[in-house]
Amino acid sequence: MLFSDFMSLLKPRILVMQFVSFSLGYGMALPFSQLAWGPFLWGLCGVACLSGGSAALNHSLEWPWDAKMVRTHHRPVPTKRVLPIFATFFGFLGVVLGILVLMICVNGLVALLGALTAWLYVAVYTPSKRWHWINTYIGTVPGAMLPLAGWAAAAGHLGAGAFWMALVLLVWQLPHFFAIAWMYKDEYQGAGFKMVSEQDVTGAFTVAHMMYTTYALVVVAMIPYIVGLCGIGFFCASIGLGVWLLRDVYAFAHDRTYIRAKTVLKTSVYYLPIFLLAIVVDRWFG
């Protein structure tokens, strides 16, 4: 097994996203001067093990379907560069080690949230992709749990701000993944994955879900300003980002092509780091 195969098994883009989410929750829980490096660094180690282990288990469970799609057939397990049994063993080892690290070196609440995230991703979301298109909504839950874990690592408990950040991440994922579902709808259908775009000949069903979830994101993003927790700078940033994403969603609604869907996907990718930066700037310097 090559190093590149090992890294692919960990799904590094998801791992980076989990690091960012955990760090955001950690940094927002307390004033900067009260934050400690120890729980943060151990938390990142635990998150790395949990995320990598969960990704490996996902590879081991989905490889027969991954082998049928152009976008995934090159992955290490479908190509047999990594045996399914190894991916399964490595995945379980990573998850167990991650839970132990979080429990021993951070706290029990963080370990519980981490274990719940891994279980939802591997045991609920992964098989649901072959049952019903509602899987996209299910998958947003484990994708939004890490701000809660980060907050709990810093403060030892959960607060309203943690749940708001989790809600933002939850809603943000929906137009992002609906765009992917449309871009690869034929591949998903051929492989047997049940996506919102399945047999959606006109794209109207996909557009409807993408549209109302984007509006929901715009509203959810404004909550801290509405309740007086953030300033006008953050409010302007959230509105600007929301208008940007809505513009591309409307463009896709009127021209339901691969290119338009890819534009929505790219905008959603840029949306998140800019939005998170606006949160940090407002929290620490506002």
**OP:** Give the cluster check for Met28 versus Phe163: same hydrophobic cluster or not, with ILVMFWY residues linked at side-chain heavy-atom distances below 4.5 Å.
**Re:** yes
Original post:
Any side-chain heavy atom of Lys11 sitting closer than 4.5 Å to one from His59?
Top reply: yes
**OP:** Using the test side-chain contact (heavy atoms from CB on, under 4.5 Å), find all partners of Ala237 that sit at least two apart in sequence or belong to another chain.
**Re:** Ala278
**OP:** Begin from the C-alpha positions of Phe252 and Thr263 and carry the test side chain to side chain contact (heavy atoms under 4.5 Å, CB included) through to its verdict.
**Re:** CA-CA 8 Å; Phe252 171 72; Thr263 300; over 6 Å; no
**OP:** Among residues two or more places apart or on two chains, list those pairs meeting side-chain hydrogen bond (donor to acceptor under 3.5 Å, both in side chains) that have a residue in residues 177-190.
**Re:** Arg71-Tyr188
Subject >> Donor-acceptor contact below 3.5 Å, side chain Tyr26 vs main chain Ala36 >> reply: yes
Subject >> Distance in Å, Met210 CE paired with Leu246 CG, rounded so as to fall on 0.5 Å steps >> reply: 11.5 Å
Subject >> Beyond-backbone contact of Ile232 with Tyr225, side-chain heavy atoms, under 4.5 angstrom >> reply: yes
**OP:** Give the C-alpha distance, both sets of side-chain angles, the deciding distance and a yes or no for side chain to side chain contact (heavy atoms under 4.5 Å, CB included) between Tyr121 and Ile14.
**Re:** CA-CA 12 Å; Tyr121 181 71; Ile14 293 179; 4.0 Å; yes
Subject >> Val47 backbone acceptor or donor facing Ser51 side chain under 3.5 Å >> reply: no
Original post:
Do any N or O atoms from the side chain of Ser268 and from the backbone of His176 form a donor-acceptor pair under 3.5 angstrom?
Top reply: no
Subject >> Expected output: side-chain Arg81 to main-chain His74 donor-acceptor under 3.5 Å >> reply: yes
Original post:
CZ/Phe86 to CG/Leu9 distance, rounded to the nearest 0.5 angstrom?
Top reply: 7.0 Å
Original post:
Could you state the interatomic distance from OG (Ser21) to CE (Met145), rounded to the nearest 0.5 Å?
Top reply: 12.0 Å
**OP:** Indicate the atoms forming the closest heavy-atom contact of Gly143 with Gln173, along with that distance.
**Re:** C-NE2, 3.5 Å
Original post:
Would you say Trp63 and Pro76 make side-chain contact, with heavy atoms under 4.5 Å?
Top reply: no
**OP:** Can you see which heavy atom on Pro78 is nearest to which on Thr72, and at what distance?
**Re:** CG-O, 4.0 Å
Subject >> Joint cluster assignment, Trp119 & Leu170, ILVMFWY side-chain distance < 4.5 Å >> reply: yes
Original post:
Under the 3.5 angstrom rule, does the side chain of Asn135 hit a backbone N or O of His132 as a donor-acceptor pair?
Top reply: yes
Please output the side-chain donor-acceptor pairs of residues 89-118 that fall under 3.5 Å, not counting sequence neighbours, one pair per line with the distance.
unit_1, atom_1, unit_2, atom_2, d
Asn107, OD1, Leu109, N, 3.1
Asn107, OD1, Val110, N, 2.9
Asn107, ND2, Ala152, O, 3.1
Thr117, OG1, Leu113, O, 2.8

Subject >> From CA spacing to verdict: side chain to side chain contact (heavy atoms under 4.5 Å, CB included), Leu10, Met7 >> reply: CA-CA 5 Å; Leu10 300 179; Met7 290 305 298; 4.2 Å; yes
Original post:
Taking all non-hydrogen atoms of both residues, which atom of Pro175 and which atom of Thr214 are closest, and how far apart?
Top reply: CB-OG1, 3.5 Å
Original post:
Which heavy atom in Ile138 sits nearest to a heavy atom in Pro142, and how many Å separate them?
Top reply: O-CD, 3.2 Å
Original post:
If every non-hydrogen atom of Arg256 is compared with every non-hydrogen atom of Ala204, which pair is closest and at what distance?
Top reply: NH1-N, 3.5 Å
Original post:
Cluster question for you: counting only ILVMFWY and a side-chain heavy-atom cut-off of under 4.5 Å, with indirect links fine, are Trp164 and Phe22 together?
Top reply: yes
**OP:** Quick one: do Val218 and Val243 satisfy side chain to side chain contact (heavy atoms under 4.5 Å, CB included)? Show the steps, please.
**Re:** CA-CA 8 Å; Val218 172; Val243 170; over 6 Å; no
Original post:
With no hydrogens and no angle check, is any side-chain donor or acceptor of His209 less than 3.5 Å from a backbone partner on Thr206?
Top reply: no
Original post:
Is the closest side-chain heavy-atom distance between Leu167 and Val171 below 4.5 Å?
Top reply: yes
Original post:
How many angstroms lie between OG1 in Thr136 and CZ in Phe177, if you round to the nearest 0.5 Å?
Top reply: 8.5 Å
Original post:
Are the side chains of Glu198 and Trp133 in touch, meaning some heavy atoms are under 4.5 Å apart?
Top reply: no
Original post:
Cut-off 3.5 Å, side chains only: do Asn58 and Thr126 have a donor facing an acceptor?
Top reply: yes
Subject >> Trace of the ring-ring contact (aromatic ring centres under 6.0 Å, His included) decision for Phe275 with Trp172 >> reply: CA-CA 11 Å; Phe275 181 82; Trp172 166 82; over 10 Å; no
Original post:
When you measure from the side chain of Arg75 to the backbone N and O of Ser8, does any donor-acceptor pair fall under 3.5 Å?
Top reply: no
**OP:** Determine whether Phe178 and Leu265 fall in the same hydrophobic cluster, where Ile, Leu, Val, Met, Phe, Trp and Tyr are linked whenever their side-chain heavy atoms lie under 4.5 Å apart.
**Re:** no
**OP:** Check for a donor-acceptor pair, side chain of Ser60 on one end and backbone N or O of Leu57 on the other, with a separation under 3.5 Å.
**Re:** yes
Original post:
Parallel, tilted or perpendicular for Trp65 and Phe193, by the 30°/60° rule?
Top reply: tilted
Original post:
With the 4.5 Å side-chain cut-off for hydrophobic clustering, are Leu276 and Ile274 part of the same group?
Top reply: yes
Original post:
Can you name the closest pair of heavy atoms from Ala154 and Leu30 and give their distance?
Top reply: O-CD1, 3.4 Å
Subject >> Partner of Val168 by side-chain contact (heavy atoms from CB on, under 4.5 Å), out of Val220, Ile223, Ile279 >> reply: Val220
**OP:** With the side chain counted from C-beta on, respond yes when Leu120 and Tyr125 share a heavy-atom pair under 4.5 Å apart, and no when they do not.
**Re:** no
**OP:** Could you check Leu146, Leu272, Thr140, Leu24 and say which one makes a side-chain contact (heavy atoms from CB on, under 4.5 Å) with Leu169?
**Re:** Leu272
Original post:
Heavy-atom count around Trp244 CH2 within 6.0 Å, excluding the residue itself: above 12?
Top reply: yes
